[in-house]
Amino acid sequence: MKKLFGVIGDPIAHSMSPVMHNDAFAQLDIDGAYHPFHVKADDLAAAVHGMKAIGVEGFNVTIPHKAAIIPLLDHVDPLARAIGAVNTVVRENGSWTGYNTDGAGFVRGLQEAYGGPLEEKRVLVIGAGGAARAIYYTLASEKVSRIDIANRTLEKAASLAESCPYPITGAVLTTEEAEKQLGEYDIIIQTTSIGMSPLIEECPVSMENVKQGAFVSDIIYNPLETKLLNEAKKRGARIQSGLKMFVYQGALAFEKWTGTAPDIHRMEEIVLQQLGGKYVNN
Ligand code: NAP
């Protein structure tokens, strides 16, 4: 019988996950199907129980359900619980287990492009929302020893850093402070929604002081080169868009569901074809 998968969110119409996963099923000759499901917040519990009842094997979770789904699951992976967000649910022995592959997906893409150990690097995270939390905690779980964090709302950055369950040091900075000392960082990770289409002329932090050869990663992938990345590139930084994070979070979910690693390069091509300048959020 065909194995069923999907993604739940609100909105969901522009999700690129279905085309990416369905292509991977076809490539690997797996009899699976992945559907987008538009689920409103009030219907979340019914949707989660209903999917178990009809035999869905696993699903992704996107805005606005990543935190709200946690109490509805049977088990939650410790890192996902610490992050406070689940983006991947897997049926394990008839129960729902929640994972977070966003942080691991980002770190996989960073490791691939950076090409060296991250542990002793000076790292700055810009932003303190859900994606920042996933990235910060996953980097800390991977033994990165110092991460500074800057955000418009300082209290949110302080609370994110204080709640980190892994050993880590680092300063909490205003965006102005981060701009001044930008030249100290080897790796800068932009996680706010600033710069995303249609507001492509906006930039959360000026890249004026970025050091030559620094690695600047923006988790936005629409556009692929944000204003922040463009400014960093002009000053000699190496840059990376959010496409790798998106593709790797999907690939890691796929692997959890099927036990098989999909072709990451093909997944990336499929998403690139789909992008075409449209607004997307998962
Ligand atoms: P979120 O939880 O809503 O956090 C938003 C962040 O952006 C906060 O730090 C917020 O600062 C900041 N922000 C929002 N408006 C701002 C403004 N006008 N000026 C300055 N800062 C502002 O969102 P999220 O889930 O973390 O997602 C953030 C971005 O990452 C989105 O663009 C999303 O599409 C992208 N994303 C990409 C991937 C991927 O796979 N590549 C995965 C997840 C998310 P305050 O705390 O001050 O409000």
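We count ligands from 1, going down the list as the structure has it; atoms in each ligand are counted the same way.
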As an exercise, identify every atom of ligand 1 less than 4.0 angstrom from a heavy atom of [X].
X	result
A128	9 (O)
G242	41 (N)
T191	28 (C), 29 (C), 30 (O)
M196	32 (O), 34 (O)
G127	9 (O)
Y221	39 (C), 41 (N)

Quick one: closest heavy-atom pair of G109 and K244, and the distance? CA-CB, 4.3 Å

Gap separating the OH atom of Y248 from the CZ atom of R108, nearest 0.5 angstrom: 6.5 Å

Interatomic distance, L229 atom CG to I220 atom CD1 [nearest 0.5 angstrom]: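 That separation rounds to 8.5 Å.
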
Is there any N or O on I63 that sits under 3.5 Å from an N or O of ligand 1? no

If you measure every N or O of I219 against every N or O of ligand 1, does any of those distances drop under 3.5 Å?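 I219 vs ligand 1: N/O contact under 3.5 Å present.
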
Any side-chain heavy atom of [X] sitting closer than 4.5 Å to one from [Y]?
X	Y	answer
T174	L154	yes
V205	T192	no
L275	M16	yes

Under the side-chain hydrogen bond (donor to acceptor under 3.5 Å, both in side chains) test against T97, which residue among E92, K256, H75 passes?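 Only one of E92, K256, H75 forms a side-chain hydrogen bond (donor to acceptor under 3.5 Å, both in side chains) with T97, namely E92.
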
Option whose closest heavy atom lies nearest to [atom], chosen from [options]:
atom	options	value
atom 1 (P) of ligand 1	G129, A131, P204	G129
atom 46 (O) of ligand 1	I149, N222, I135, N151	N151
atom 5 (C) of ligand 1	S197, S193, G250	S193
atom 21 (N) of ligand 1	R152, E155, K244	R152

Residue pair F59, W96: steps toward the ring pair (Phe, Tyr, Trp, His ring centres under 6.0 Å) verdict: CA-CA 10 Å; F59 58 96; W96 284 144; 5.2 Å; yes

So which bit of K156 gets within less than 4.0 Å of ligand 1, heavy atoms only: side chain, backbone, both or neither? side chain

Going by the rule ring pair (Phe, Tyr, Trp, His ring centres under 6.0 Å), which residues pair with F215 if we only count those two or more places apart in sequence or in a different chain? Y114

